[in-house]
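For this chain, numbers begin at 1 and follow the sequence in order. Only heavy atoms go into these numbers, but all of them, side chains included; no hydrogens, no water, no symmetry mates.
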Amino acid sequence: MVSSGERVAVLGGGVAGLTAATELAERGYRVTVVEPTGWGGKARSSGVPGTGTGGRLDLPSEHGFRFFPGFYRSLPDTLRRIPLAGRPDGVVGNLREATHMLTARSGRVGELLTDVSLAAGARSPLEFLRATGLRPGNGTALGPGLTDEELLYYANRLLVYMTSSDERRLGQWESTSWWDFTRADGASEEYRRTCVIGNTRTVVAARAEVCSTHTVGGFLEAFGYGFLGLGEVQAADHYVCALPVDRIGALLERGLAAADPELKSVTELRTDWMVGIQFYLTEPVPVVRGHVLYLDSPWALTSISQAQFWDCDFRSTYGDGTVADCLSVDISDWDTPGIRYGKPARECTRAEVAAEVWAQLCDGLNGPGRPTLHRGLLHSWHLDPAVRGLDGPGPAVNDEPLLINTTGSWAARPAAATAATAAPNLFMAGDHARCPVNLATMEGANQSARLAVNALLAAAGDDAAPAEVHELHRPAELRRLKEVDAELYRQGRAHILDGPAPWEEAGRGV
């Protein structure tokens, strides 16, 4: 290692910054990490100050709950290399399997429980569609359902993306919104809710109207392959910028943006809110051993019951001894009116946000004679303090927004290495940087850090082994279809399977 002992300043102590620091420290670099808020960034956990009594810890809180889909490979690899006493496989040994996923519907009519455990083995494509809440129904007693032609057309949308070449993904689908790709205009409300909105907003906090098909399609593809059982501040010599995308502007204003147009475009990237709230309950309410997606929730809620996954007695470990569970909820839509106050979350007080979220949880989990949640269970709640101003005087702000991959945003995202003439010793990391996972996730942040480390090693002339960058699963069975599509795209022709939706044909009188 020719550069062992050189200094590296890592700006930002989130997943990307800490990953870069780990990789560089393992290669002999002297690393300093600068983090102004809290270690872990948006992935950090903390406590609610003053809630622990009698020697117990404060009640646990978080920016939003975190999960590790099957296609995550880079982040688990990093966790495996972090030692932990009593764990031969390191920190990754603390992960617990979420075996089921519940797609909740209003009044529990038409809800869907899916086994997503490893023990269930590989699934068929039809089982994957059903797991995402898609089923034929035509207005049966189980709920509105989708017509057969709607279900088949959505399957066609997934197949079109999965067989699209890289050239079409970056050239056409990067500039096409998920709303347009799925032909949402003119479709039924149930198709929009389940296929267009439900499979995006509740998972990636992205609006189907503006989020690129390159992002949504890529996430569903990666998630689907996993479900099918396929894939797994000192002066420094170098700098790794792993700051959140909304905090980079001030750094770029100091001349770097003018020196490198690619960096200047970073300020064009958009963010949105995905914020967590925790409800502390006096009795265990596991609901399901995994995630709950509230498909009819106007605030695009998802939740997970925490205590069931933790190797401790919750009552004796946290709080005042009366709290038995933590229902952790992510709020992904802050602009749609709710069901209790008729206001979007941004216009509510903190107490109103909590009451509104509780009402939407009850709407999805409580059915006739089947109450899962009731006021007697609620001990207290805690809304992420990163959201400020809900109680006045000015408009609400979020100190930790999430990158949203709008159409055309790939071109505005920086590569790991900046232009040599601008800042040859500056490298970019974070979930806003280009990496195989084209989505703001912990896995994407981890991958971007590995790419930044490799760019730094190359610039330093260091012959140390590069960090491994795990690619997403690419099935050999689809390779020939992608090759054909690449040729069609070069000729300016449409994807061979890409056609109008049945409701569009009906509108033309065909």
Practice task
Could you walk me through whether H382 and S61 pass the side chain to side chain contact (heavy atoms under 4.5 Å, CB included) test, one step at a time?
Solution key: CA-CA 7 Å; H382 182 258; S61 66; 3.4 Å; yes

Practice task
Go through the steps to decide whether E352 and K343 satisfy the test side chain to side chain contact (heavy atoms under 4.5 Å, CB included), and finish with yes or no.
Solution key: CA-CA 9 Å; E352 287 174 340; K343 298 188 296 185; 2.9 Å; yes

Problem - From CA spacing to verdict: salt bridge (charged side-chain N to carboxylate O under 4.0 Å, His left out), R315, D320 - result: CA-CA 8 Å; R315 292 184 197 271; D320 60 5; over 6 Å; no

Practice task
Walk me through it: do R44 and E400 pass the test salt bridge (charged side-chain N to carboxylate O under 4.0 Å, His left out)?
Solution key: CA-CA 12 Å; R44 70 184 181 275; E400 299 184 88; 3.0 Å; yes

Exercise for the section: Applying side chain to side chain contact (heavy atoms under 4.5 Å, CB included), run through L24 and V31 and close with a yes or a no. Expected result: CA-CA 7 Å; L24 290 166; V31 182; 3.8 Å; yes

Exercise for the section: Evaluate the criterion salt bridge (charged side-chain N to carboxylate O under 4.0 Å, His left out) for residue pair D330 and K42; output intermediate values, then yes/no. Expected result: CA-CA 13 Å; D330 280 347; K42 288 188 285 291; over 6 Å; no

Practice task
Quick one: do V216 and C211 satisfy side chain to side chain contact (heavy atoms under 4.5 Å, CB included)? Show the steps, please.
Solution key: CA-CA 7 Å; V216 179; C211 194; 3.6 Å; yes

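In terms of heavy-atom proximity, Q308 sits nearest to G290 at NE2-N, 4.3 Å. Nearest approach of P436 to Q447, heavy atoms of both residues: CD-OE1, 3.2 Å. Scanning both residues, L59 and T51, for their nearest heavy atoms gives N-OG1, 2.8 Å. In terms of heavy-atom proximity, V353 sits nearest to W299 at O-CZ3, 3.9 Å. When all heavy atoms are compared, the tightest approach of A307 to F314 is CB-CD1, 3.8 Å. Nearest heavy-atom pair, W173 versus S164, reported as atom, atom and distance to 0.1 Å: NE1-OG, 2.8 Å.
Checked against salt bridge (charged side-chain N to carboxylate O under 4.0 Å, His left out), D89 has no partners two or more places apart in sequence or in another chain. Judged as a ring pair (Phe, Tyr, Trp, His ring centres under 6.0 Å), and not counting sequence neighbours, H432 has no contacts. Residues passing the salt bridge (charged side-chain N to carboxylate O under 4.0 Å, His left out) test with D363, sequence neighbours excluded: none. Residues forming a ring pair (Phe, Tyr, Trp, His ring centres under 6.0 Å) with W410 (at least two apart in sequence, or on another chain): H214. Looking at residues two or more places apart in sequence or on another chain, you find a side chain to side chain contact (heavy atoms under 4.5 Å, CB included) between S316 and D313.
Side-chain atoms of D384 and H63 form a donor-acceptor pair, as typed in the model, at a separation below 3.5 Å. Between the side chains of S212 and W178, no donor N or O sits under 3.5 Å from an acceptor N or O. Counted by atom type alone, Q360 and S297 present one or more donor-acceptor pairs between their side chains at under 3.5 Å. Between the side chains of Y294 and S303, a donor-acceptor pair is found at a separation under 3.5 Å. A donor atom on one side chain and an acceptor atom on the other are found under 3.5 Å apart for Q306 and E62. In this structure, a donor-acceptor pair under 3.5 Å is present between the side chains of R450 and N446. If you check the side chains of T282 and H379, you find no donor sitting under 3.5 Å from an acceptor. Counting only N and O atoms by type, the side chains of D333 and T336 include a donor and acceptor under 3.5 Å apart.
Side-chain contact check for L361 versus L373: some heavy-atom pair is nearer than 4.5 Å. For the pair L220/Y161, no side-chain contact is recorded, criterion being any heavy-atom separation below 4.5 Å from C-beta on. At least one side-chain heavy atom of V285 sits less than 4.5 Å from a side-chain heavy atom of T372. The shortest distance between side-chain heavy atoms of N398 and V275 falls below 4.5 Å.
Here the OG-CD1 distance, from S328 to I304, works out to 8.0 Å after rounding to the nearest 0.5 Å. Between F427 atom CZ and L451 atom CG the span is 12.5 Å, to the nearest 0.5 Å. Within the model, atoms CZ of F309 and SG of C326 stand 12.0 Å from one another, a figure rounded to the nearest 0.5 Å. To the nearest 0.5 Å, atom OG1 of residue T406 and atom CG of residue L269 are 7.0 Å apart. With rounding to the nearest 0.5 angstrom, the CG atom of L57 is 6.0 Å from the OH atom of Y318. In this structure, the separation between CG on L301 and CD on E356 is 8.5 Å, given to the nearest 0.5 Å.
When atom types are taken as modelled, the side chain of T407 and the backbone of E174 share no donor-acceptor pair closer than 3.5 angstrom. Of the possible donor and acceptor atoms, none in the side chain of D325 sits under 3.5 Å from a partner among the backbone N and O of L281. For the pair S448 (side chain) and A433 (backbone), a donor-acceptor distance under 3.5 Å is absent. At distances below 3.5 Å, not a single donor-acceptor pair connects side-chain atoms of T19 with backbone N or O atoms of A449. Remark: the backbone N or O of G64 is paired with a side-chain donor or acceptor of R66 at under 3.5 angstrom. For E35 (side chain) and T37 (main-chain N/O), a donor-acceptor pair under 3.5 Å exists by modelled atom type. No donor-acceptor distance shorter than 3.5 angstrom exists from the side chain of Q278 to the backbone of L327, with no hydrogens or angles considered.
We find that R27 and D462 are not joined by a salt bridge, their nearest charged nitrogen and carboxylate oxygen being 4.0 Å or further apart. Look at R30 and E6 and you find no salt bridge, because none of the NZ, NE, NH1 or NH2 atoms lies under 4.0 Å from a carboxylate O. With salt bridges taken as basic N to acidic carboxylate O contacts below 4.0 Å, none links D431 and R413. Classification of R169 and E221 as a salt-bridged pair holds, one side-chain N sitting under 4.0 Å from a carboxylate O. A salt bridge links R81 with E26: at least one charged nitrogen is closer than 4.0 Å to a carboxylate oxygen.
Counting non-hydrogen atoms of neighbouring residues, nucleotides and ligands closer than 6.0 angstrom, the CZ atom of R56 exceeds 12 such neighbours. Taking a 6.0 Å sphere around CZ of R87, one finds it holds more than 12 heavy atoms contributed by other residues, nucleotides or ligands.
Taking the six-membered ring for Trp and thresholds of 30 and 60 degrees, F67 and F65 have ring planes inclined between 30 and 60 degrees apart.
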Quiz: residues 386-396 side-chain donor-acceptor pairs under 3.5 angstrom, not counting sequence neighbours:
residue	atom	partner	partner atom	Å
R388	NE	D399	OD1	3.4
R388	NE	D399	OD2	2.8
R388	NH2	D399	OD1	2.9
D391	OD1	R350	N	3.2

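When ring centroids are compared, W381 and Y280 stay outside the 6.0 Å threshold.
W273 carries R346 over the face of its six-membered ring, with the cationic atom under 6.0 Å from the centre and within 45° of the normal.
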